Protein chains: 2
Amino acid sequence: MHGNKTIGLSHLRITLSDNFYIGPGRADLMELIAETGSISEAAKRMGMSYKRAWGLVQVLNEGFGAPLVEASRGGSMQGASLTAAGREVLERYRGMQEATRKAIARDVEALGALHGDMSERK
Amino acid sequence: MHGNKTIGLSHLRITLSDNFYIGPGRADLMELIAETGSISEAAKRMGMSYKRAWGLVQVLNEGFGAPLVEASRGGSMQGASLTAAGREVLERYRGMQEATRKAIARDVEALGALHGDMSERK
DNA sequence: CATCGATATTCCCATTCGGATATATCGAGG
DNA sequence: CCTCGATATATCCGAATGGGAATATCGATG
């Protein structure tokens, strides 16, 4: 019928300071790092290069006051994971996404209906 | 003291279909067009080139089913304004921004406190 | 029918962003 | 002390973005 893109909230960015914000891409990356225990594997699943993912990790660690991602190399313990702060940031962000979806549901529906009416008539 | 960037919700994007979304930049541009009655003046106030503003107007008019911005040239009636649909989209978007701010206020504060604790100790 | 102001449109170019790739580094374990 | 897998890092390059500027177009008005 029509496309498969998500309708509704697509980008929610929260700015915490001049040099730090958390948005959907960074949150997804953090979640995948937590799931896979690896920056490179998370990057692969996000469809982005390791370089970009690594750059984002730098931003996450340097922008926030404390590191959000912990990475270690060498031996069999190598890999990456979220710090306690990282887990909290991610959890809070997911919560805000959900709260936002609920808060704007009616408006989204109204806009969707308006958009539908307008574009239906081809 | 510190920077002057807005803390909290900074980007809210709502996707209505595969080829249309409304975000803060587009909303601001629409608002300025409504205020000034001119694409070029709105562009100037947004600090962007007319070319870019005009491109955004194209997107707004072609992505949504119906035009959101109406422009006319020639004579003394030249200028631009929002259509009824445009006004409604803008109004709804502003409402969603406000609803979102309220919905996430507690989380933002909590994150801000966490961030503050973390970055305070230099 | 010339003027005027804002829209409409195109061309060229600097900057940015990120992918691809290659290489270096680390350190537990065989 | 060599291997291995994942992190860390630099270099090169193509695509996309958007600005600046030049030009064309429109049409009410005088």
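Here is the naming used below: chain letters follow the sequence lines, and residue numbers restart at 1 for every chain. It should be emphasised that the depicted structure is a prediction, and the values quoted were computed from it without experimental measurement.
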Those residues at least two apart in sequence (or on a different chain) that pass ring-ring contact (aromatic ring centres under 6.0 Å, His included) with B/Tyr21 are none

- prompt: In terms of the angle between their ring planes, are A/His115 and B/Phe64 parallel, tilted or perpendicular, with boundaries placed at 30° and 60°?
  reply: perpendicular

To the nearest 0.5 Å, atom CG of A/Leu90 lies from atom CD of A/Glu88 at 10.5 Å

The correct set of residues in residues 23-33 of chain A placing a heavy atom under 4.0 Å from DNA chain D is none

In B/S/- notation (B base, S sugar-phosphate only, - none; protein heavy atoms under 4.0 Å), nucleotides 2-16 of chain D written 5' to 3' is ---BBBBB-B-----

N-O pairing of B/Glu91 and B/Arg87 below 4.0 Å: no

Check your understanding: Checking B/Tyr93 side chain against B/Leu12 main chain: does a donor-acceptor pair fall under 3.5 Å?
Key -> yes

Do the side chain of A/Ser40 and the main chain of A/Tyr50 share a donor and acceptor less than 3.5 angstrom apart? no

By side-chain hydrogen bond (donor to acceptor under 3.5 Å, both in side chains), A/Arg94 pairs with (sequence neighbours left out) A/Asp28, A/Glu31, A/Gln97

Sequence neighbours excluded, the answer for side-chain hydrogen bond (donor to acceptor under 3.5 Å, both in side chains) partners of A/Asp107 is B/Arg92

Are the charged groups of B/Glu98 and B/Lys102 less than 4.0 angstrom apart, N to O? no

Rounded to 10°, the angle between the first-five-pair and last-five-pair axes of the helix from C/dC1-D/dG30 to C/dG30-D/dC1 is 0°

